[in-house]
Every structure is written in C-alpha cells, then in structure tokens.
Amino acid sequence: MRPLIAHIDLDALRQNYRLACDCAPQSRSVAVVKADGYGHGALACARALEVHAPAFAVASLEEALVLRHGGIEAPIVLLEGIFSADELAAVDAYRLWMAVHSRWQLDALLAFTPDAPIPVWLKVDSGMHRLGFTPDEADRTWAMLREAPQAGELHLMSHLATADARHSEHYARQLACVHDLARRLGAPLSLANSPATLAHPDAHAAFNRPGVMLYGSDPLEKGNAVSASLAPVMTLCSAVIALRDIDPDEVVGYGGRFRTDRPTRIAVVAAGYGDGYDRHAADGTPVLVNGQRAPLAGKVSMDMLTVDVTDLDGVDIGSEVVLWGRATNGAVLSVDEVARHCDTISYTLLTGVLPRVPRRYHDSLRQPAPAP
Ligand SMILES: Cc1ncc(COP(=O)(O)O)c(C=O)c1O
C-alpha cells in the first residue's frame, strides 16, 4: 500500500476548540466545518466536537446534510444561506439556520411557509464588500424579519477582512460599523473568525465562528501565546521509497530546478501534487525525515517529491516523512510554515489534500473496546 496517509488527531481538534472557547468565555463558539472540515472530514470533526459545540457552520445545504445524515443534531448555520429558493424546504425540514445576505434571499424566505420559524443570521457588509446588506439596508431588513412569521431567532452577522493583521484601520472601521448597527438594532451578534477569536476580544460576541484555528493553524500575521499553543490536527505522513547518491553539478527533477553543489543524497518520497501537496513548494521547503528537518530539493511531481537528506543520518527506505504535522519523535512542522514556502496559506494546503489520500482518525475517546 502507498504509504501516504493524512492522520487526523481528534484529541488535538478538541484541545484547539477548547482554546477558542477559553479565548472568549462570554461567547458561544460555532465550530466552522465547511470545505469538509477544512480537509479533515467534516462529519468526523463534528462528531468529535458534538458534545462541546453549540452549533456548526458550513457553506452549503449539501455540506449541512452530510452532518445531519451522519447523525449530528446540533444547529447548523448555512454561512451563505440558500443558493436558490427551492432549498428552503430542506432548511426547514432539517432544522437549519440560515444567513440572509441578499434581497432575493429575503424575498424567498418571506414567500415561504415553514413548519417552524427558521433562525436567521442577517449578514451585513461592514467593509469586506463580498456578501451582505449595507448598514443602511440592514435596519429595514432587520425590521422586516422581526415582523416575519417565517423567521425565528435573529442574529446580526458580519465578516472581517483584516482581523489577522497586527494593526489595521480597516478592522477598526468594520468593528465600529457593526457595533453601531448592533446597538441600534439591539441585535445579538456573530463576528469573530479565528484571528479575531485569538487576538481581538473586542470582536467577541454572542456567537464566534472559529475555523482554521480548530485545525491547529495560526492565522495571525504575528502569533500570540495562545496561537502558539494550537496543536496540529492533520499530519500528512509518507515514507522514503528510494535513495539516490548524486554527484555535484547534477540536477534533480523536472526542469532541473535544483542543482547539486556537493555530493548529495536525495530521498524520494511518495507524495506529490496529485495528492494536494503544493507544486509551488520552493527548494528549501522543510519536511521532517525521521523527525528531523530536511529541505525539499527539486520541483514537486504528481506522485513524488525529492528531499536533500545529505546532512541526516539513518535515512533508509521506509523512513518516516512528515510533510506537515507531528512526527513520531514529537517534532512538529506547522502547515503555516510549509504554506509560506509555497507562497500560499494553510487554508489552501489543508483543503487541498485530495481524496486519494486516505484519512486515518485517532481519537482517545473512541478507542475500540479492548478484547475480553
Ligand atoms: C463567514 C465566515 N465565518 C467564519 C469563517 C472562519 O474563518 P477562519 O477559518 O479564518 O476562522 C469563514 C471562513 O472563511 C467564513 O467565511
């Protein structure tokens, strides 16, 4: 069997979730599990958090139904609401909560007769300029929803564009806009994503919406003590499948990008862009071989990548290679560090792990019963 496996540590997920809650003891933390739990498996993650999280958040009805059909009973928020009016029947039948970000969604809701009022998160555009009513429109829309028998409990929501930045005037403007509106409407609020949960107590409100931090990635431009204690949930782990000893002034891999400047030992690893490992990874991108750091050498291929292990002892066929996460010896390589070498963010690496990579779940609370 090909050795590449994405190990998912559900204990670490719970630990990170607890950190999110500890950051904001006055708020309720909705666990964001969209995009298949940021690549970790939404249902497995939701099951692991089920007794802790007051609600889950996803991007679509389809994602919500994966959770419902998997037995998740907690409220599920559709962060973008419905994509067409005919989804309202399922929103009602499956007791989902929905964002309403546009006039057409509001009209569809007001023309619908649900069995039970549908909890609504009215989305206001406070400066992200992606989804949401303008603050002026929000007043009138809030009033309409309050009168509407179709709408259940109401919250105001908005999304922050620059909460990860150390200093941001834009953040301050968004916060002032949302607080102003929430005060005017007397509306309970949902605002904080992971960076705001970690670094901006002034954005904490009735419901926070931490996502990437639950999976152990630090979203802050400049990390803090809490973000430094996040634990990696995914360990993308493979093995050395071949070793090569190469003379100086030879090239390795497609395009000959990496050129040896000394006698060099190259380890070939079973992982490539066909698994979701980023093809933009630069020479020097760290990997852990037997728990020791070594640099990527040469362009990533579809099924393989190459690492310079000249400076490491004890590397052999079958040696463990961790592309991000925690090695058997306890060494950690953060997905954030790998992302920087790929000129991207952890979100794309985590959500980009492709289906051909088997996920293996580890959960100390769900060990198989010992044999009698
Ligand atoms: C509306 C909304 N809320 C919360 C989140 C979670 O963000 P993060 O993963 O940065 O915590 C996202 C993610 O993109 C989002 O779109």
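As a basis for the values below, the full set of heavy atoms in this structure was taken, side chains included, without hydrogen atoms, waters or symmetry mates.
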Checklist entry - Do L61 and V100 share a hydrophobic cluster, counting only Ile, Leu, Val, Met, Phe, Trp and Tyr and linking them when any side-chain heavy atoms are less than 4.5 Å apart? => result yes

Checklist entry - Are Y171 and D202 close enough that some pair of their side-chain heavy atoms sits under 4.5 Å apart? => result yes

Checklist entry - Any salt bridge between R18 and D22, counting N to O under 4.0 Å? => result no

Checklist outcome for this item: Heavy-atom closest pair (K34 atom, A59 atom, distance to 0.1 Å) is CB-N, 3.7 Å

Checklist entry - So, the side chain of R366 versus the backbone of S364: is there a donor-acceptor pair under 3.5 Å, distance only? => result no

Item to check | N/O donor-acceptor pair under 3.5 Å between S194 side chain and V212 backbone | outcome: yes

Next on the checklist: Using a 6.0 Å cut-off, check whether atom CZ of R262 has over 12 heavy atoms from anything other than its own residue.
Outcome noted: yes

Checklist entry - Do R14 and L365 pass the side chain to side chain contact (heavy atoms under 4.5 Å, CB included) test, and can you show the C-alpha distance, the side-chain angles, and the key distance before you say yes or no? => result CA-CA 11 Å; R14 276 190 292 269; L365 301 183; 3.4 Å; yes

Checklist entry - Which atom names give the shortest non-hydrogen contact between P219 and L198, and what distance separates them? => result CD-CD1, 3.5 Å

Next on the checklist: To the nearest 0.5 Å, what is the distance between CE on M234 and CG on L349?
Outcome noted: 9.5 Å

Checklist entry - Just wondering, are more than 12 heavy atoms of other shown residues or ligands nearer than 6.0 Å to CG in D313? => result no

Next on the checklist: Using only atom types and a distance under 3.5 Å, with no angle test, would you say the side chain of D125 pairs donor to acceptor with the backbone of F133?
Outcome noted: no

Item to check | Considering all heavy atoms, the nearest V332-L288 contact | outcome: C-CD1, 4.1 Å

Item to check | same_hphob_cluster(L296, I246) at 4.5 Å side-chain heavy-atom cutoff | outcome: no

Checklist outcome for this item: In terms of heavy-atom contacts, L96 and P119 come closest through O-CD, 4.0 Å

Checklist entry - So do the side chains of L4 and L236 get within less than 4.5 Å of each other, counting heavy atoms only? => result yes

Checklist entry - So do the side chains of Q26 and H204 get within less than 4.5 Å of each other, counting heavy atoms only? => result no

Item to check | same_hphob_cluster(V338, L354) at 4.5 Å side-chain heavy-atom cutoff | outcome: no

Checklist entry - In terms of the angle between their ring planes, are H69 and Y94 parallel, tilted or perpendicular, with boundaries placed at 30° and 60°? => result perpendicular

Next on the checklist: Under a 3.5 Å cutoff, is there a donor and acceptor pairing between the side chains of R209 and H159?
Outcome noted: yes

Checklist entry - Can you tell me if CZ on R2 sees more than 12 non-hydrogen neighbours from other groups inside 6.0 Å? => result yes

Item to check | CZ/R68: more than 12 non-hydrogen atoms of other groups inside 6.0 Å | outcome: yes

Checklist entry - Going through the checks in order, is the side-chain hydrogen bond (donor to acceptor under 3.5 Å, both in side chains) test met by T134 and D136? => result CA-CA 5 Å; T134 65; D136 288 344; 5.3 Å; no

Next on the checklist: Could you measure the distance from the CG atom of L230 to the CG atom of L214? Nearest 0.5 Å is fine.
Outcome noted: 9.0 Å

Item to check | hydrophobic_cluster_shared for L243 and V322, side chain cutoff 4.5 Å | outcome: yes

Item to check | Side-chain donor/acceptor of R47 to backbone N/O of G70, under 3.5 Å | outcome: yes

Checklist entry - Atom CG in L333, atom CZ in R293: separation rounded to 0.5 Å? => result 6.0 Å

Next on the checklist: Does I118 form a side chain to side chain contact (heavy atoms under 4.5 Å, CB included) with F112? I'd like the steps, not just the answer.
Outcome noted: CA-CA 11 Å; I118 297 171; F112 181 67; 4.3 Å; yes

Next on the checklist: A side-chain contact here means heavy atoms from C-beta on lying under 4.5 Å apart; do W324 and P232 qualify?
Outcome noted: no

Item to check | Derivation and outcome, side chain to side chain contact (heavy atoms under 4.5 Å, CB included), residues F258 and T306 | outcome: CA-CA 10 Å; F258 180 79; T306 40; over 6 Å; no

Checklist entry - Counting only heavy atoms not in D343, do more than 12 fall under 6.0 Å of its CG? => result no

Item to check | Cluster check V287, I241: I/L/V/M/F/W/Y, side chain < 4.5 angstrom | outcome: no

Item to check | Polar side-chain atom of D92 near backbone of D115 as donor-acceptor pair, under 3.5 Å | outcome: yes

Checklist entry - Atom OG in S238, atom CD1 in I5: separation rounded to 0.5 Å? => result 8.5 Å

Next on the checklist: Tell me if a side-chain donor or acceptor on D308 pairs with a main-chain N or O of T310 at a distance below 3.5 Å.
Outcome noted: yes

Checklist entry - How close do G211 and Y38 get, heavy atom to heavy atom, and via which atoms? => result CA-OH, 3.5 Å

Next on the checklist: Given V309, which partner from the list V289, V321, I266 fulfils the side chain to side chain contact (heavy atoms under 4.5 Å, CB included) test?
Outcome noted: V289

Item to check | Separation between NZ of K123 and CE of M98, rounded to the nearest 0.5 Å | outcome: 13.0 Å

Item to check | Side chain D164, main chain P195, donor-acceptor under 3.5 Å | outcome: no

Checklist entry - Taking side chain as C-beta onward, heavy atoms only, is V240 less than 4.5 Å from D316? => result no

Next on the checklist: Quick one, V58 and V33 - any side-chain contact, counting heavy atoms below 4.5 Å?
Outcome noted: yes

Checklist entry - Does the S217 side chain pair with the main chain of M213, one donor and one acceptor, at a distance under 3.5 Å? => result no

Checklist entry - For the residue pair H155 and W97, does the interplanar ring angle fall in the parallel (under 30°), tilted (30 to 60°) or perpendicular (over 60°) class? => result parallel

Item to check | CZ (R244) with more than 12 external heavy atoms under 6.0 Å | outcome: no

Next on the checklist: salt bridge (charged side-chain N to carboxylate O under 4.0 Å, His left out) for R103 and D107? Distances and angles first, verdict last.
Outcome noted: CA-CA 6 Å; R103 180 71 207 205; D107 292 343; 3.0 Å; yes

Next on the checklist: Using side-chain heavy atoms (C-beta onward) and a distance below 4.5 Å, is V30 in contact with S190?
Outcome noted: no

Next on the checklist: I'd like to know whether L106 forms a side chain to side chain contact (heavy atoms under 4.5 Å, CB included) with M144, so could you lay out the CA-CA distance, the side-chain angles of the two residues, the decisive distance to 0.1 Å, and finally the verdict.
Outcome noted: CA-CA 9 Å; L106 177 70; M144 288 170 79; 4.1 Å; yes

Checklist entry - Does the N16 side chain pair with the main chain of L13, one donor and one acceptor, at a distance under 3.5 Å? => result no

Checklist entry - If you look at every heavy atom in A148 and L110, which pair is closest and at what distance? => result CB-CD2, 3.4 Å

Checklist entry - Under 3.5 Å, side chain of N290 to main-chain N/O of Q292, donor-acceptor pair present? => result no

Item to check | E63 side chain near I76 side chain, heavy-atom distance below 4.5 Å | outcome: no

Checklist entry - What distance separates Y277 OH from L305 CG, expressed to the nearest 0.5 Å? => result 6.0 Å

Checklist entry - Do H280 and Y273 have ring centres separated by under 6.0 Å? => result no

Checklist entry - Is the number of heavy atoms from other residues, nucleotides or ligands under 6.0 Å of R146 CZ greater than 12? => result no

